[in-house]
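Here the structure comes first, spelled out in structure tokens, and everything after it is commentary.
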Amino acid sequence: MTTANDIAQSKRFCVRNREIPSELKVVGDVPPDLANSIDEDGSLVTVDAADWIVCFVPGLRRQWWHRFVHRRHKHVFAMRPTGTGSWLLVEPWWTRLMVTILPPADAVRFLRWGATGDILRVREAVPGKASQIRGWSNCAVLSAFLLGRSSWAWTPHGLYRQLLREKSTQRESVQQLLVDQFTQVVSHCSSNALSVSADQLSLPLRELLIIVGRNLLETMMTPSLLEVCYTAILEADRYPDATRAYAQHGPAPAIAVLTKVLAKAKQAGGIDLPDCEAGARQFLGMLHGNVHLDAVLQLGDIPTLSEIDLRARTAVKVFLDGAAPVETVPILARGALMATEEKIAHAE
């Protein structure tokens, strides 16, 4: 997972190709084309306003000044989910402003901390009405500045009360936040992996299963999806709805698509399966094997594309050779089957 993929994409980035007025004044050594491409807010890029998850929390360690502030709102920090399962964290420390990208498992730790106090969903103001002349930049002041709020609150609780008065502010729970993000990330990955063109649907079953299997394996090995899977397993007891959301939007759609493919092949007489859904689950399990669990637990290297292709082809070969009608089984396999049946008969 790269940081570039986690940073919110701008709505547009457009350099205006027009003649630069001769009277345009540029400060310092800024190139004229940059000065001429800013938007109405003075920014080089125009970005849509985003929602921040603002957490008002008690302290993790006792501080002398805690006695002077609200018992549950002694600190405030902000988080924002990305489209890849990670979270952007902005936490004002005493010594610096920490801005970092967190994998979902680490983000849950901060969200659990947020649940010990209050969690609000707040829409940031663009371009904002905050000011840099506030003076003492504690966590409440910096969070208000991040949100673009004009505020004179000096404490987290004061900012909490101000934001709560806004009609657009919503209370949030950790479980619902994880359900929403898991649903978004896993649904997006699943739809890409299971998208099959009309031309591919007309291919023979063996070739079609190889394509679907390879796409599924490549998606399973996506670092961001592996991290979401790890978090879903890790937090299954604490946040079962989030784990169910992962299952409903990940394995379930794959099984449904494979079931339809196998049912169509069965109707055409290509395979002989008593239960196509059970067959789909078996095929998906053959694709998974240990390789997916090892990747989730980081026990080895992620398979290369060539290794993924070989695994998909092997799984399809084993699956179809076992599911094909008797008359289509290769002669050598048919002979081995007859020899086995004769041995069983003699033993009886």
Side-chain angles (χ1 to χ4, degrees), residues 1 6 50-62 70-91 93 98-122 139 143 156 160 163-164 169-190 219-255 284-285 288 290 292-299:
M1 173 175 53
D6 293 315
D51 287 347
W52 285 91
I53 305 304
V54 187
C55 301
F56 298 86
V57 296
L60 294 174
R61 293 181 177 178
R62 293 185 180 276
H70 191 274
R71 65 180 184 85
R72 294 178 62 198
H73 299 161
K74 301 184 187 303
H75 179 56
V76 57
F77 60 90
M79 303 177 67
R80 194 169 80 189
T82 70
T84 61
S86 58
W87 289 72
L88 174 62
L89 171 70
V90 179
E91 186 185 6
W93 286 5
M98 183 172 70
V99 181
T100 188
I101 298 292
L102 297 176
D106 289 341
V108 170
R109 299 170 66 186
F110 278 87
L111 291 173
R112 288 178 57 201
W113 185 17
T116 61
D118 289 282
I119 303 176
L120 301 180
R121 179 185 293 271
V122 182
C139 60
S143 296
Y160 168 80
L163 296 175
L164 204 57
T169 299
Q170 302 175 10
R171 293 183 180 273
E172 289 286 358
S173 68
V174 177
Q175 179 140 262
Q176 191 57 49
L177 287 170
L178 294 179
V179 168
D180 293 343
Q181 192 188 33
F182 286 6
T183 299
Q184 177 188 359
V185 174
V186 179
S187 296
H188 176 72
C189 293
S190 295
T219 301
M220 292 175 196
M221 298 303 157
T222 303
S224 58
L225 198 57
L226 290 173
E227 291 174 350
V228 170
C229 179
Y230 174 75
T231 307
I233 297 172
L234 188 66
E235 301 295 339
D237 289 339
R238 243 188 308 259
Y239 306 112
D241 289 351
T243 303
R244 278 191 289 269
Y246 171 83
Q248 291 170 0
H249 298 279
I255 292 171
L284 190 62
H288 274 207
N290 291 333
H292 182 245
L293 181 61
D294 289 347
V296 170
L297 299 179
Q298 299 181 0
L299 297 179

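Worth knowing before you read on, the calculation uses all heavy atoms, side chains too, and leaves out hydrogens, waters and symmetry mates.
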Yes or no on side-chain contact (heavy atoms from CB on, under 4.5 Å) for Thr243 and Tyr246, after CA distance, side-chain angles and deciding distance? CA-CA 5 Å; Thr243 303; Tyr246 171 83; 5.6 Å; no
Test side-chain contact (heavy atoms from CB on, under 4.5 Å) on Leu293 and His288 and set out the steps. CA-CA 8 Å; Leu293 181 61; His288 274 207; over 6 Å; no
Derivation and outcome, side-chain contact (heavy atoms from CB on, under 4.5 Å), residues Leu178 and Leu111: CA-CA 10 Å; Leu178 294 179; Leu111 291 173; 4.2 Å; yes
Step by step, work out the side-chain contact (heavy atoms from CB on, under 4.5 Å) result for Glu91 and Thr100. CA-CA 9 Å; Glu91 186 185 6; Thr100 188; over 6 Å; no
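No hydrogens or angles considered: nothing links the side chains of Asp180 and Gln184 as a donor-acceptor pair under 3.5 Å. Remark: the Thr84 side chain and the Thr82 side chain contain an N/O donor-acceptor pair separated by less than 3.5 Å.
Of the possible donor and acceptor atoms, none in the side chain of Thr183 sits under 3.5 Å from a partner among the backbone N and O of Ala245. The backbone N or O of Gly117 lies less than 3.5 Å from a partner atom in the side chain of Arg72, making a donor-acceptor pair. Under a 3.5 Å cut-off, the side chain of Ser190 and the backbone N or O of Ser187 do not form any donor-acceptor pair. The closest donor-acceptor contact from the side chain of Gln181 to the backbone of Ser86 lies under 3.5 Å.
When all heavy atoms of Val228 and Gly85 are compared, the closest pair comes out as CG2-CA, 4.1 Å. Of all heavy-atom pairs between Leu284 and Pro251, the closest is CD2-O, 4.3 Å. Closest approach of Asp118 to His73, counting heavy atoms only: OD2-NE2, 2.7 Å. The shortest heavy-atom contact between Pro156 and Cys139 is CG-SG, 3.8 Å.
Note that CG of Leu89 is 12.0 Å distant from CZ of Arg80, once rounded to the nearest 0.5 Å. The structure places CZ of Arg171 at 6.5 Å from CG of Leu120, a figure rounded to the nearest 0.5 Å. Here the OH atom belonging to Tyr239 is positioned 12.0 Å from the OG1 atom belonging to Thr231, to the nearest 0.5 angstrom. Here Tyr160 contributes atom OH and Ser143 contributes atom OG; the two are 15.0 Å apart, rounded to the nearest 0.5 Å.
Residues Val185 and His249 fail the side-chain proximity criterion, which asks for heavy atoms closer than 4.5 Å. Residues Met79 and Ile119 are not in side-chain contact: their nearest non-hydrogen atoms beyond the backbone lie 4.5 Å or more apart. In this structure, Arg121 and Thr169 have side chains that are not in contact, with every pair of non-hydrogen atoms separated by 4.5 Å or more.
Aromatic pair Phe110/Trp87: ring centres not closer than 6.0 Å.
Partners of Asp241 by side-chain hydrogen bond (donor to acceptor under 3.5 Å, both in side chains), not counting sequence neighbours, listed by chain and number: Gln175, Arg244. Listed by chain and residue number, nothing satisfies the side-chain hydrogen bond (donor to acceptor under 3.5 Å, both in side chains) test with Gln248 (two or more places apart in sequence, or in another chain).
Crowding of His292 atom NE2: a count of heavy atoms from other residues, nucleotides or ligands under 6.0 Å exceeding 12. Atom CD of Gln176 has more than 12 neighbouring heavy atoms from other residues, nucleotides or ligands inside a 6.0 Å radius.
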Could you go through residues 50-59 and list every donor-acceptor pair under 3.5 Å that involves a side-chain atom there, pairing it with any protein atom two or more places apart or in another chain?
residue	atom	partner	partner atom	Å
Asp51	OD1	Arg123	NH1	3.1
Trp52	NE1	Glu124	OE1	2.9

